[in-house]
K.L.:
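A single structure is presented below for examination.
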Amino acid sequence: MNGGIEVAGDAVTGAMLARTVEPAHGEAHQSGHGACLNCGAALDGPYCAQCGQAAHTHRSFAAIGHDLAHGVLHLEGKIFTTLPELALRPGKLTRRYVHGERAKFVSPFALFLFSAFLMYAVFSLTSHHGPEGQSNGVQMNAAARAELAQEQAKADARIRKLEADLAQPGLTRDRREALAEALDDARDDRKGLTLAGNITNALTVDGVNGGVARTVGKTINAAAKNPELAYYKLKANAYKFSWALILISLPFMWLLFPFSRRFKMYDHAIYVTYSIAFMSLLFSLSMIMTALHVTSGLVTTALLLFAAWHMYRQFKDAYSLSRTSTILRLPLLYGFACLSLSLFFTFVAMMG
């Protein structure tokens with residue numbers, strides 16, 4: 001119960017942070033008269049021309065709930081304009097925002113903040129469903145799983161042998177201490193194998209390839225004595241440093257249009273931020289559907305195809321490319337996206 005309240009709070013916090021960085025143009029509906037309560041300038045419209053504060057301010061108790069709902073859900077403004085455009089016409093949304101149509105849409109960074117916190121909250125709520133020890137995601141491939149099982153069997157056999165040796169009568173004090181120390185080391189090694197397998201599975205679920213996942217698993221073996229802390233750090237770092245995925249992706253976007261004067265780094269940043277925000281929202285939807293047991297192979301395939309189509313559509317329209325030019329660059333775009341994710345998850349694991 002406490003965990004659910006905590007992650008719900010994370011989602012609300014993300015929305016409030018997004019609201020903080022989001023410009024509030026076009027949302028006031030009541031014109032003011034007299035002087036601005038903030039700076040004293042004469043009012044001529046719903047906002048003060050000097051400081052930007054709304055002319056009409058609330059002081060009723062009910063206004064607290066209104067302000068909270070407005071900050072979290074942004075009911076009166078841009079979210080209902082932005083989300084349909086982002087889902088169905090992402091490239092045109094990106095281009096319109098870059099070219100100056102900004103007051104009517106949620107800014108990409110505000111949407112990115114909200115989607116990152118929402119994904120973290122949903123992941124926290126849905127990643128531990130089912131019986132203990134049962135995994136809900138994609139597991140390691142068969143060869144890696146067999147290799148891990150073999151290593152775990154060896155570790156178990158060593159533990160049993162040491163326990164049997166330690167149970168024998170007539171052991172000297174030094175011999176007993178040596179066996180006890182060896183048994184502790186063997187048990188620690190066994191915990192490390194368990195943790196490595198669990199983290200590798202978790203990272204594979206999130207789309208990291210097996211090589212990176214195994215590397216990360218080895219890196220965090222040092223935290224085998226406290227696997228819950230290690231898992232918490234990885235999960236926390238993933239959303240704490242989510243902004244790094246934008247920075248990692250920018251050089252790859254530049255490589256798609258090297259030395260082009262048509263597109264600035266700002267244009268790439270807007271494209272990447274909107275794209276990551278949408279994929280985060282789509283991934284959150286997928287996790288919710290999985291938790292509700294409404295997913296199937298067909299639904300999963302449809303979501304993957306929609307994500308691939310979304311990348312194509314946004315890329316083509318945002319950069320005003322021809323169909324041929326888009327198709328030629330599309331394999332590089334998909335490859336760079338996978339590479340950026342791999343680098344990001346490696347960075348997150350190393351930060352833990």
K.L.:
Measuring only between side-chain heavy atoms, which start at C-beta, is Leu330 closer than 4.5 Å to Met311?
P.N.:
no
K.L.:
Can the ring centres of Trp309 and Tyr312 be said to be less than 6.0 Å apart?
P.N.:
no
K.L.:
Nearest 0.5 Å, please: how far is CD1 in Ile248 from CG in Leu341?
P.N.:
9.0 Å
K.L.:
In Å, rounded to the nearest 0.5 Å, how long is the span from OG of Ser322 to CD1 of Ile327?
P.N.:
8.5 Å
K.L.:
Rounded at 0.5 Å granularity, tell me how far CZ in Arg323 sits from OG1 in Thr326.
P.N.:
9.0 Å
K.L.:
Quick one, Ile79 and Leu111 - any side-chain contact, counting heavy atoms below 4.5 Å?
P.N.:
yes
K.L.:
Within a strict 4.5 Å, meaning less than it, do heavy atoms of the Leu118 and Ser280 side chains meet?
P.N.:
no
K.L.:
For Ala244 and Phe347, work out which heavy atoms get closest and say how close.
P.N.:
CB-CE2, 4.1 Å
K.L.:
Considering residues at least two apart in sequence or located in another chain, which fulfil the side-chain hydrogen bond (donor to acceptor under 3.5 Å, both in side chains) criterion with Arg96?
P.N.:
Glu101
K.L.:
Do you know which two heavy atoms are closest between Tyr274 and Tyr97, and how far apart they sit?
P.N.:
OH-CD1, 3.7 Å
K.L.:
Which pair of heavy atoms, one from Lys104 and one from Thr82, lies closest together, and at what distance?
P.N.:
O-OG1, 4.4 Å
K.L.:
Looking at residues at least two apart in the chain, or sitting in another chain, which of them share a salt bridge (Lys or Arg N to Asp or Glu O under 4.0 Å) with Asp184?
P.N.:
none
K.L.:
Who passes ring-ring contact (aromatic ring centres under 6.0 Å, His included) against Tyr266, sequence neighbours left out?
P.N.:
none
K.L.:
Hey, are Ser325 and Arg329 close enough side-chain-wise for a donor-acceptor pair under 3.5 Å?
P.N.:
yes
K.L.:
Residues in side-chain hydrogen bond (donor to acceptor under 3.5 Å, both in side chains) with Asp156, at least two apart?
P.N.:
Arg190
K.L.:
Tracing side-chain links under 4.5 Å among I, L, V, M, F, W and Y, which residues wind up in one group with Leu183?
P.N.:
Ile159, Leu162, Leu166, Leu171, Leu179
K.L.:
Between OG of Ser340 and CE of Met253, what distance do you get to the nearest 0.5 Å?
P.N.:
9.5 Å
K.L.:
Who are the side-chain contact (heavy atoms from CB on, under 4.5 Å) partners of Ala157, not counting sequence neighbours?
P.N.:
Arg160
K.L.:
Any chance you could measure Ser275, atom OG, to His268, atom NE2, to the nearest 0.5 Å?
P.N.:
14.0 Å
K.L.:
How would you list, by chain and number, every residue that makes a side-chain hydrogen bond (donor to acceptor under 3.5 Å, both in side chains) with Glu163, sequence neighbours excluded?
P.N.:
Arg187
K.L.:
In the structure I gave you, are the side-chain heavy atoms of Thr94 and Asp267 within less than 4.5 Å of one another anywhere?
P.N.:
no
K.L.:
Between Leu86 and Leu285, is there a shared hydrophobic cluster once you connect ILVMFWY residues whose side-chain heavy atoms come closer than 4.5 Å?
P.N.:
yes
K.L.:
Using the side chain to side chain contact (heavy atoms under 4.5 Å, CB included) definition, which of the options Arg176, Arg175, Glu177 pairs with Arg173?
P.N.:
Glu177
K.L.:
Search all heavy atoms of Ala35 against all heavy atoms of Gly40 and return the closest pair with its distance.
P.N.:
CB-O, 3.7 Å
K.L.:
So do the side chains of Gln168 and Asp165 get within less than 4.5 Å of each other, counting heavy atoms only?
P.N.:
yes
K.L.:
What pair of heavy atoms forms the shortest contact from Pro108 to Thr273, and how long is it?
P.N.:
O-CG2, 3.3 Å
K.L.:
In terms of hydrophobic clustering (I, L, V, M, F, W, Y; side-chain heavy atoms under 4.5 Å; direct or indirect links), are Leu333 and Leu328 co-clustered?
P.N.:
no
K.L.:
Hey, are the side chains of Arg102 and Ser107 touching, using non-hydrogen atoms and a 4.5 Å cut-off?
P.N.:
no
K.L.:
If you group Ile, Leu, Val, Met, Phe, Trp and Tyr by side-chain heavy-atom gaps below 4.5 Å, do Ile288 and Leu304 land in one group?
P.N.:
no
K.L.:
Could you check whether any side-chain heavy atom of Ser115 comes within less than 4.5 Å of a side-chain heavy atom of Ser284, counting everything from C-beta outward?
P.N.:
no
K.L.:
Who are the ring-ring contact (aromatic ring centres under 6.0 Å, His included) partners of Phe257, not counting sequence neighbours?
P.N.:
Phe263, Phe315, Tyr319
K.L.:
When hydrophobic residues are tied together by side-chain contacts of less than 4.5 Å, even through go-betweens, does Leu255 share a cluster with Leu245?
P.N.:
yes
K.L.:
For Tyr271, is there any backbone N or O sitting under 3.5 Å from a side-chain donor or acceptor partner on Gln314?
P.N.:
yes
K.L.:
Can you label the angle between the Phe112 ring and the Phe109 ring as parallel, tilted or perpendicular, going by 30° and 60°?
P.N.:
parallel
K.L.:
Please round to the nearest 0.5 Å and tell me the distance separating atom CG of Leu339 and atom OG of Ser249.
P.N.:
9.5 Å
K.L.:
For Arg261, what residues pass the salt bridge (Lys or Arg N to Asp or Glu O under 4.0 Å) criterion, not counting sequence neighbours?
P.N.:
none
K.L.:
Would you say His310's side chain and Leu88's backbone share a donor-acceptor pair under 3.5 angstrom?
P.N.:
no
K.L.:
Kindly write out the residues that satisfy ring-ring contact (aromatic ring centres under 6.0 Å, His included) with Phe336, not counting sequence neighbours, or none if the list is empty.
P.N.:
Phe252
K.L.:
Kindly write out the residues that satisfy ring-ring contact (aromatic ring centres under 6.0 Å, His included) with Trp243, not counting sequence neighbours, or none if the list is empty.
P.N.:
none
K.L.:
Indicate the atoms forming the closest heavy-atom contact of Pro251 with Leu247, along with that distance.
P.N.:
CD-O, 3.1 Å
K.L.:
Do you reckon Leu292 sits in the same ILVMFWY cluster as Met119, going by side-chain contacts under 4.5 Å, direct or chained?
P.N.:
yes
K.L.:
Under 4.5 Å between any side-chain heavy atoms of Cys36 and Gln50, yes or no?
P.N.:
no
K.L.:
Among all residues two or more places apart in sequence or in another chain, which pass the side-chain hydrogen bond (donor to acceptor under 3.5 Å, both in side chains) test with Asp317?
P.N.:
Arg313
